[in-house]
Amino acid sequence: SEHGLFEHPISLQRADHVAILMPELAGPEGFWNNVLGLATVGEIPTPVMVIKQIKAGDCMVELLAPTSADSPMAGRPGGLASMVAF
């Protein structure tokens with residue numbers, strides 16, 4: 001191949017956003033805001049989850065939590081979601 005192991009034909013400049021699953025948002029959002037000093041800059045409510053957007057440099061961290069115990073998101077283990085956008 002013309003590209004080596006660590007080369008890629010598309011020049012990636014930065015991560016755009018990462019998603020982190022949370023069982024609830026109050027405590028985790030406070031940690032990101034008060035302890036890490038990062039501001040919540042947006043909130044996206046959906047029928048099954050709430051997404052809090054936290055600005056971390058050039059990257060957006062999205063905290064995702066279920067809206068209710070009936071949400072398909074409820075009961076999923078917390079942690080990094082299997083997605084990142086470049």
Side-chain angles (χ1 to χ4, degrees):
S1 138
E2 71 182 66
H3 298 286
L5 180 63
F6 296 105
E7 295 177 12
H8 196 278
I10 299 172
S11 175
L12 300 178
Q13 301 297 313
R14 64 180 179 82
D16 181 72
H17 66 276
V18 296
I20 304 173
L21 303 174
M22 303 280 165
E24 57 89 22
L25 291 173
E29 182 182 11
F31 173 80
W32 286 84
N33 297 158
N34 302 322
V35 176
L36 298 179
L38 301 172
T40 300
V41 295
E43 178 177 315
I44 304 168
T46 76
V48 297
M49 74 176 129
V50 175
I51 303 168
K52 295 283 187 155
Q53 296 178 310
I54 297 175
K55 190 77 171 155
D58 285 344
C59 185
M60 192 71 68
V61 176
E62 295 185 335
L63 305 180
L64 287 60
T67 54
S68 70
D70 296 335
S71 166
M73 298 284 295
R76 290 182 63 183
L80 288 173
S82 59
M83 63 149 269
V84 62
F86 290 96

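Heavy atoms only: backbone and side chains are in, while hydrogens, waters and symmetry mates are out.
- The two residues Pro66 and Ala74 make their nearest non-hydrogen contact at CB-N, 3.7 Å.
- When hydrophobic clusters are built by joining Ile, Leu, Val, Met, Phe, Trp and Tyr residues whose side-chain heavy atoms come closer than 4.5 Å, directly or via intermediates, Val35 is grouped together with Ile54.
- A side-chain hydrogen bond (donor to acceptor under 3.5 Å, both in side chains) check over residues 66-75, counting only residues at least two apart or in different chains, returns nothing.
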Scan the side chains in residues 18-28 for donor-acceptor partners under 3.5 Å anywhere in the protein, sequence neighbours excluded, and list what turns up.
residue: Glu24; atom: OE1; partner: Ala26; partner atom: N; Å: 2.8

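- Pairs of residues two or more places apart, or lying in two chains, that qualify as salt bridge (charged side-chain N to carboxylate O under 4.0 Å, His left out) and include a residue from residues 41-53 are Glu29-Lys52, Glu43-Lys52.
- Residues satisfying the side chain to side chain contact (heavy atoms under 4.5 Å, CB included) test with Ile44, not counting sequence neighbours, are Thr46, Ile51, Gln53.
- A search for side chain to side chain contact (heavy atoms under 4.5 Å, CB included) contacts involving Leu36 returns Phe31, Trp32, Leu38, not counting sequence neighbours.
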